[in-house]
Number of protein chains: 2
Amino acid sequence: MAPFERELSALRAHLKRSRLKQTAQRETVLKAFLEGPRYATMDELVASVQKRDRKLGFSTIYRSLKLFVECGLAKEHHFLYGKTCFEHSGQGRPHDYLVCKNCGKVEEFSSPLVQAVQEKVSREMDFKLQEHRLELYGICSSCQGPKETRPEED
Amino acid sequence: MAPFERELSALRAHLKRSRLKQTAQRETVLKAFLEGPRYATMDELVASVQKRDRKLGFSTIYRSLKLFVECGLAKEHHFLYGKTCFEHSGQGRPHDYLVCKNCGKVEEFSSPLVQAVQEKVSREMDFKLQEHRLELYGICSSCQGPKETRPEED
DNA sequence: CTTCATGCAAATAGTTTGCATTCTT
DNA sequence: AAGAATGCAAACTATTTGCATGAAG
């Protein structure tokens, strides 16, 4: 199976469903997004998209990512305020995050306890829960090691 | 005891400690902040500060709030992406939030389970935890009622 | 009298939008 | 041919900064 076949089909299906158009640009953006790291900021995305097509403008990239979010191929985050980042969003992935404040690396986790907290709180406070955000910030294990082995700081 | 005496002293102490200056503006901003609701966005703060002093500019307000955050009198949030909001931050307050997506109201809670999740995850993933953010989004109880009783939507 | 803060305007950052042109269907 | 997408520049929002003037230590 060709790379990203599944995601391309998902995109095409979404476009057809919404009576939108299938364009080369949208597929270029999707491929650049998917072949990059699981988490990428807008500027990183712009850079890698433009490596494939210099003329592809940033508005198209913004608009495409919004589309990907709509059809579940991407998930938008604001871990560091002011810098949107997009995650490759698969089906059964965890929805909770550890963010390293030293190197910026994001790790995912999920814990049954989180589910329990949500249920308890929303029941007690009579709140109809729709979504949640759980982000733990700190220093990841590789950044805790001796200075020599740390990823570069910025 | 005069209103906000405790907070004014905390601010003055912080200023002295950092060899910064005690100014009328800073105290005006602090009073306007504290006499308002527990959560306020920047524009709301600007409005209520300028009710007390028309000439007090928004850069001073931004700079003051940053100061309050530094000395623990305020806590910065980004519940709705793109709209910073500041909380009156007391000592023993909970650190977890329920945000109503209909009326924007924020309720606080804390659960021992959250603590447990943090400990478990940071131990398992060898992560040195510094802070966390837990936000539950949904519809609060008053917004679930019959249409007539709902707070205005925007 | 030195250092810091203020107030204003301009700069910046990130993102969105308007519109003429071009591509899909 | 009709409707939608692109690419560009301009608009926008939220925030930060530079700098001359004024106030605090």
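First the proteins, then the strands, lettered A, B, ... as listed; each starts at 1.
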Problem set entry | Integer-rounded Å distance: C:dT6 C1' and B:Q50 CD | 13 Å

Problem set entry | Close residues, residues 27-37 of chain B, relative to DNA chain C [heavy-atom separation under 4.0 Å] | none

Exercise. Do the charged groups of B:R123 and B:E119 touch, with an N to O distance under 4.0 Å?
Worked result: no

Exercise. To the nearest Å, how far apart are A:M42 CE and C:dG14 P?
Worked result: 11 Å

For this session: Could you tell me the separation between the CZ atom of A:R12 and the C1' atom of C:dT24, rounded to a whole number of Å?
Result: 14 Å

Exercise. Quick one: is C:dG14 close enough that its OP1 or OP2 comes under 4.0 Å of any side-chain N or O from A:Y81?
Worked result: no

For this session: Before accepting this row, confirm whether a basic side-chain N of the pair A:E35/A:R52 lies closer than 4.0 Å to the acidic partner's carboxylate O.
Result: yes

Problem set entry | Start and end of the DNA chain D segment that chain A contacts, any atom under 4.0 Å from a heavy atom | D:dG3 to D:dT15

Problem set entry | Residues in salt bridge (Lys or Arg N to Asp or Glu O under 4.0 Å) contact with A:K83, at least two apart in sequence or another chain | A:D43

Exercise. Please give, in whole Å, the distance from C:dG7 C1' to B:R63 CZ?
Worked result: 8 Å

Exercise. For B:Q22 and B:G82, take the nucleotide of DNA chain D holding the closest heavy atom to each; which residue's nucleotide lies nearer the 5' end?
Worked result: B:G82

For this session: Would you mind checking if A:E7 and A:K31 are paired as a salt bridge, meaning a charged N to carboxylate O distance below 4.0 Å?
Result: no

Exercise. So, are B:E27 and B:R12 salt-bridged, with charged N and O less than 4.0 Å apart?
Worked result: yes

Problem set entry | Short side-chain N/O contact from A:S59 to OP1 or OP2 of C:dT17, under 4.0 Å | no

For this session: Calculate the interatomic distance between A:D53 atom CG and C:dC23 atom P; express it in whole Å.
Result: 13 Å

Exercise. Counting only N and O atoms by type, is there a donor-acceptor contact under 3.5 Å from the side chain of A:Q144 to the main-chain atoms of B:D126?
Worked result: yes

Seminar exercise, completed: To the nearest angstrom, the CZ-P distance between B:R26 and C:dG7 comes to 11 Å

For this session: Rounded off to whole Å, could you give me the CG-to-C1' distance for the A:L65 and C:dT16 pair?
Result: 14 Å

Exercise. Is the phosphate of C:dG14, meaning OP1 or OP2, less than 4.0 Å from a side-chain N or O of A:K83?
Worked result: yes

Problem set entry | Shortest non-hydrogen contact between A:L73 and A:F33, atoms and distance | O-CE2, 3.8 Å

Exercise. Can a side chain N or O of B:T60 be found less than 4.0 Å away from OP1 or OP2 on C:dG7?
Worked result: yes

Exercise. Pick the nucleotide of DNA chain C nearest each of B:K55 and A:T23; which residue has the one closer to the 5' end?
Worked result: B:K55

Problem set entry | Straight-line distance of B:E108 CD to B:R38 CZ, nearest 0.5 Å | 5.5 Å

Exercise. Parallel, tilted or perpendicular: which fits the ring planes of A:F58 and A:Y62, with parallel below 30° and perpendicular above 60°?
Worked result: perpendicular

For this session: Can you tell me the distance, in whole Å, between the OH atom of A:Y62 and the C1' atom of C:dT16?
Result: 9 Å

